[in-house]
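Keep in mind that the numbers below use all heavy atoms, side chains included, and drop hydrogens, waters and symmetry copies. Position 1 is the first residue of the sequence; numbering continues from there. Just so it is clear, the model here is predicted, and its values are computed rather than measured.
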Amino acid sequence: MYREAASTLRHSLRRVASSSSALPGAARFPAPASSRFLGSAAARGSCSGAATVTERPASAWRGLATMADGSSRFGHVLTSLPKPGGGEYGKYYSLPALNDPRIERLPYSIQYLLESAIRNCDGFQITEKDVENIIDWENTAPKLVEIPFKPARVLLQDFTGVPAIVDLASMRDAMARLGDDPGKIDPLIPVDLVIDHSVQADVVRSENALQANMQREFDRNKERFAFLRWGSMAFNNMLIVPPGSGIVHQVNLEYLGRVVFNTNGILYPDSVLGTDSHTTMIDGMGVAGWGVGGIEAEATMLGQPMSMVLPSVVGFKLSGKLRDGVTATDLVLTVTQILRKHGVVGKFVEFYGEGMSELAVANRATIANMSPEYGATMGFFPVDHVTLGYLKLTGRSDEKVEMVEAYLRANNMFVDYNKTQTERVYSSYLELDLADVEPCVSGPKRPHDRVALKDMKADWHACLRNKASFKGFGVPKEQQDKVVKFSFHGQPAQIRHGSVVIAAITSCTNTSNPSVMLGAGLVAKKAYELGLEVNPWIKTSLAPGSGAVTKYLQKRKKTNLSRKISGLQKYLDHLGFNLIGYGCTTCIGNSGELDEDVAKAITANDIIAAAVLSGNRNFEGRIHALVRANYLASPPLVVAYALAGTVDIDFEEEPIGKGKDGKDVYFKDIWPSNEEIAEVEQSSVLPDMFRNTYEAITQGNPMWNQLSVPKAKRFPWDPNSTYIHDPPFFKDITPTPPGPSSVEDAYCLLKFGDSITTDHISPAGSIPRDSPAGKYLLERGVQPKDFNSYGSRRGNDEVMARGTFANIRIVNRLLNGEVGPKTVHVPTGEKLFVFDAAMRYKADGHHTIVLAGEEYGSGSSRDWAAKGPMLLGVKAVIAKSFERIHRSNLVGMGVLPLCFRPGEDADSLGLTGHERYTIRLPSNVSEIQPGQDVQVVTDSGKSFTCKLRIDTLVELAYFDHGGILHYVLRNLVKQQQQQ
């Protein structure tokens with residue numbers, strides 16, 4: 001099926017070996033076993049600075065992944081960074097050396113894009129014009145100019161990481177079929193994967209909860225975990241953090257974040273693209289990072305630049321300081337509401353002002369974490385003295401911190417509030433006096449619906465009576481005060497609207513912040529001393545994102561530390577907030593089942609039950625199917641609401657409960673002052689806690705280490721597996737690219753209107769029994785109770801292809817108004833599942849296309865939204881407009897994106913979707929230009945002109961090869977042949 005075609009495209013990928021940079025302070029950590037190089041003593045550049053590094057031949061270090069060898073076209077600004085005592089830290093690409101006054105006015109976040117572009121400028125993937133566009137940001141950003149960006153590293157979690165490693169494993173097989181070394185397929189930049197999305201709050205209120213939940217996690221996910229463990233040993237430049245270690249973003253903040261890299265003597269800022277939207281948390285530490293889809297992440301791993309619109313930047317000035325009793329959670333919920341109102345979708349937000357000096361990095365990270373909730377690409381906090389202090393607190397070495405400061409100062413990327421600041425230019429401006437922030441929560445259905453704590457009772461009653469909406473449940477007046485009595489394990493119990501049934505201290509958003517975690521412990525301590533209890537039917541849980549949290553909350557015991565440990569965990573345990581696991585739990589819906597007695601009381605009486613959690617998202621149905629009111633709150637407020645047992649309370653006027661002396665206990669009686677929290681934090685949060693935590697996780701845990709995995713460079717695929725499957729992307733790959741091919745007499749598989757999102761396209765949620773994916777699993781002996789979700793089966797292309805376009809709410813105009821995952825098989829007129837129709841077309845040798853309207857491919861479920869259509873045999877998508885990243889992903893999978901001319905669409909051209917479509921392309925890629933006109937001819941006699949939405953020469957190279965991963969494969973082979 002592949003043809004040889006001459007290609008005049010310039011520049012092939014060259015081999016890039018592993019980074020030898022070290023995490024600040026890494027020399028004090030042991031080398032993680034999972035980051036070793038097979039066949040080499042070299043150690044990956046992350047957490048293993050103590051490892052011996054054996055250099056590879058010079059030719060192995062050259063490449064496009066990160067041009068850290070001084071080969072950029074801006075080599076004339078490569079400058080030595082001297083050490084104070086003699087010698088040098090290394091060399092760096094100096095922004096001041098460009099002598100351009102526009103640069104010093106750029107937002108710090110844009111300077112990170114500029115530095116990357118200068119360092120990686122090769123004249124092909126990144127050009128001098130790209131550099132000029134960034135320098136001229138004030139004028140180019142309003143024009144929505146696209147630029148390429150190469151981050152320093154990639155961050156994955158297990159749900160999104162599995163398909164990425166599946167692709168890499170399959171590429172190794174393809175490399176072998178091409179007669180080359182499979183071991184060449186490795187990430188070309190550092191990749192960190194943290195397994196954190198699989199633990200559930202099954203067992204709570206038990207000293208054994210941690211171990212019991214971990215055992216269940218391994219029982220459910222043994223096959224996926226074994227595959228990931230194989231990947232941890234088979235791939236260089238990849239660190240996989242085992243289950244039970246923490247939440248990806250907290251581990252990134254406390255351990256993985258470098259702030260400044262030193263690779264082969266070249267210094268450059270840390271930056272990261274992650275496959276989780278809350279990757280932005282690292283922005284609080286001055287590392288530029290945000291979330292992307294799986295294909296972008298895979299492409300980035302393999303040395304390709306990410307295409308992005310040069311963003312506008314909102315300058316957010318902070319002044320003053322937080323009042324006593326106000327937490328970082330109150331601040332982030334306030335900031336989220338302000339930014340949602342301002343409108344920051346697709347923009348960077350950069351924080352500055354004198355208030356920054358009063359804002360700890362943990363508080364900054366809390367704000368940065370919720371960038372997706374306020375809609376920004378990043379919520380960025382430039383590095384300053386506060387950042388340096390945090391690096392030391394979390395165990396980074398003094399030497400590394402000194403290097404970070406020296407580099408950033410030299411490159412004018414460090415903020416020193418003791419000096420006069422150069423005024424930065426922003427696209428728009430906001431300001432907040434921190435003293436104006438008041439205690440609050442957000443809910444009941446959206447994270448930006450902030451409610452002041454003093455208004456909570458009134459707001460709750462308004463929500464009950466308001467018609468069903470984001471702020472309403474439509475409960476009839478006569479039903480609003482009903483009380484439901486039930487038996488809880490033989491004990492009398494009762495619930496009503498607003499009763500708390502889930503109280504969870506969860507999510508990296510808050511558990512990375514010692515002040516609010518210790519605040520929760522102090523609330524528990526005061527409540528315990530006063531004799532307050534939490535109702536036993538409330539599902540309470542504590543799932544921090546790092547073992548360091550346990551260390552500073554743990555019970556007092558003999559220690560070699562110089563100061564005492566807080567000893568607050570025992571009070572949390574007493575109230576039912578036992579440690580249940582280290583990972584994403586309630587915040588992502590892994591809240592486990594409610595007790596059967598509670599569930600029956602809710603469902604039988606249509607109770608609007610409440611959850612209070614220290615998370616970042618609270619959309620209806622996300623936390624638990626039976627819990628319709630979900631409030632985001634600080635960890636100490638989670639404890640307070642658990643004690644109250646309801647959200648229907650005015651904490652200023654009503655008692656939380658009665659103490660052991662029979663007297664009323666009020667909120668003020670249990671709420672700690674900022675001074676109390678600071679005192680405990682000062683004596684309890686110590687650098688050795690972080691060092692010891694991360695020394696331990698690099699060694700794995702018994703369940704992880706006992707997983708039996710093959711010790712081989714190539715993965716032995718199990719054909720019977722329904723979780724991990726060898727994808728067909730590279731089965732027939734040849735040494736030469738196939739070249740462009742025309743689409744001949746294609747049928748229309750689907751015809752859409754406007755705003756078809758990646759959530760419509762990509763498989764998501766549960767797997768229905770009667771769906772193509774459900775039938776596939778049943779045929780292989782999987783019972784419906786074991787179907788799990790599409791997310792858990794992302795490593796199996798057979799399941800995912802069957803789930804593509806399977807959204808039950810999708811509207812396909814070929815069905816004349818019927819909603820659902822079916823289409824019309826045009827030759828026969830039969831109505832079939834989309835997958836079944838696509839397979840029939842493929843079996844008969846027919847090409848297919850998709851017709852669509854505006855904004856095709858918006859949304860964040862990106863990787864399988866491009867992989868799935870390709871596997872269904874879709875050769876082209878013709879739309880009025882595309883979401884930027886999805887368009888790029890289609891090209892990356894070899895699917896042709898075309899746009900109707902302005903003012904035209906399928907309806908205006910009279911296209912019914914029952915025609916056959918021919919799209920003629922030259923067979924030689926040198927005859928194609930990005931953005932050129934393409935003629936589409938139908939068998940009905942109608943023809944029309946579209947714009948080819950392959951936008952750059954780099955994308956044209958990908959398309960010539962049949963996809964981005966094919967491009968990488970062939971160029972690795974070509975490089976070997978040239979050596």
Side-chain angles (χ1 to χ4, degrees), residues 13 15-21 31-48 51 53-54 56 60-61 63 65-66 151-176 180-195 224-243 248 256 263 272-275 294-295 297-304 698 700 704-705 707 709-717 724 726-727 729-730 794-795 964-965 968-969 972:
L13 276 178
R15 174 68 170 155
V16 173
S18 306
S19 161
S20 63
S21 63
S34 59
S35 66
R36 64 184 182 82
F37 279 62
L38 292 178
S40 168
R44 123 188 234 293
S46 64
C47 314
S48 51
V53 177
T54 302
R56 293 187 176 189
W61 292 100
T66 177
R153 58 190 174 98
V154 169
L155 183 70
L156 310 171
Q157 38 94 332
D158 51 309
F159 264 25
T160 53
V162 166
I165 298 179
V166 165
D167 285 348
L168 292 178
S170 185
M171 289 176 73
R172 282 196 168 176
D173 292 345
M175 185 65 86
D180 211 325
D181 177 14
K184 285 184 179 179
I185 299 298
D186 267 327
L188 303 184
I189 60 175
V191 176
D192 303 307
L193 189 157
V194 180
I195 303 174
R224 293 172 59 240
F225 288 175
F227 175 71
L228 289 172
R229 185 158 191 263
W230 168 81
S232 75
M233 297 186 293
F235 290 106
N236 303 330
N237 224 12
M238 180 180 289
L239 172 70
I240 296 185
V241 178
V248 58
L256 300 174
T263 302
V272 59
L273 296 182
T275 55
I295 291 176
E298 289 182 43
T300 302
M301 284 185 224
L302 297 170
Q304 304 308 298
T698 59
W704 172 259
N705 294 336
L707 288 172
V709 296
K711 295 180 180 179
K713 287 185 179 181
R714 295 173 62 185
F715 185 71
W717 306 98
I724 306 296
D726 185 12
F729 304 135
F730 316 107
R794 287 182 179 179
I964 187 171
L965 301 182
V968 172
L969 266 172
L972 287 173

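- Looking at R172, its side chain does come within 3.5 Å of a backbone N or O of K713 through a donor-acceptor pair.
- Here the shortest heavy-atom pairing between I964 and A299 reads CD1-CB, 3.0 Å.
- Between P190 and A152 the shortest heavy-atom distance is CD-O, 3.5 Å.
- The closest donor-acceptor contact from the side chain of D192 to the backbone of L239 lies at 3.5 Å or more, if one exists at all.
- The side-chain heavy atoms of T275 and F159, taken from C-beta on, include no pair separated by under 4.5 Å.
- Taken to the nearest 0.5 Å, the CE atom of M175 stands 12.0 Å off from the OG atom of S170.
- Judged by distance alone, the side chain of D186 and the main-chain N or O of N236 form a donor-acceptor pair under 3.5 Å.
- Taking both residues in full, the closest heavy atoms of R224 and D158 are given as NH2-OD2, 3.1 Å, listed atom of the first, atom of the second, then distance.
- No side-chain donor-acceptor contact under 3.5 Å links R229 to the backbone of V709.
- When every heavy atom of W704 is checked against every heavy atom of P243, the shortest pair comes out as CE3-CD, 3.4 Å.
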TODO: With side-chain contact (heavy atoms from CB on, under 4.5 Å) as the test, would you mind laying out the steps for V194 and L256 before giving the verdict?
DONE: CA-CA 10 Å; V194 180; L256 300 174; 4.3 Å; yes
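- Side-chain contact between I195 and P242 is absent, with no heavy-atom pair separated by less than 4.5 Å.
- The shortest distance between side-chain heavy atoms of P187 and L168 falls below 4.5 Å.
- Residues V162 and R794 are not in side-chain contact: their nearest non-hydrogen atoms beyond the backbone lie 4.5 Å or more apart.
- Checking side-chain atoms of R153 against main-chain N and O of V191 turns up no donor-acceptor pair under 3.5 Å.
- E298 contributes no side-chain N or O that, together with a main-chain N or O of M301, makes up a donor-acceptor pair within less than 3.5 Å.
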- [ ] Using the ring pair (Phe, Tyr, Trp, His ring centres under 6.0 Å) rule, take W230 and F225 through it: C-alpha gap first, then chi angles, then the decisive distance, then the call.
- [x] CA-CA 9 Å; W230 168 81; F225 288 175; over 10 Å; no
Open item on the list: Let's go through F715 and V166 carefully: what are the C-alpha distance in whole Å and the side-chain angles of both, what is the deciding distance for side-chain contact (heavy atoms from CB on, under 4.5 Å) to 0.1 Å, and is it a yes or a no?
Closed with: CA-CA 9 Å; F715 185 71; V166 165; over 6 Å; no
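- A heavy-atom distance below 4.5 Å is found between the side chains of D726 and D173.
- One distance of note links CD1 of I240 with CE of M233; it measures 9.5 Å at 0.5 Å rounding.
- Counting only heavy atoms from C-beta outward, the side chains of I189 and T300 approach each other to under 4.5 Å.
- To the nearest 0.5 Å, atom CG of residue L193 and atom CD of residue Q157 are 8.0 Å apart.
- In this structure, L969 and F730 have side chains that are in contact, with non-hydrogen atoms separated by less than 4.5 Å.
- Counting heavy atoms from C-beta outward, L965 and D167 have side chains that approach closer than 4.5 Å.
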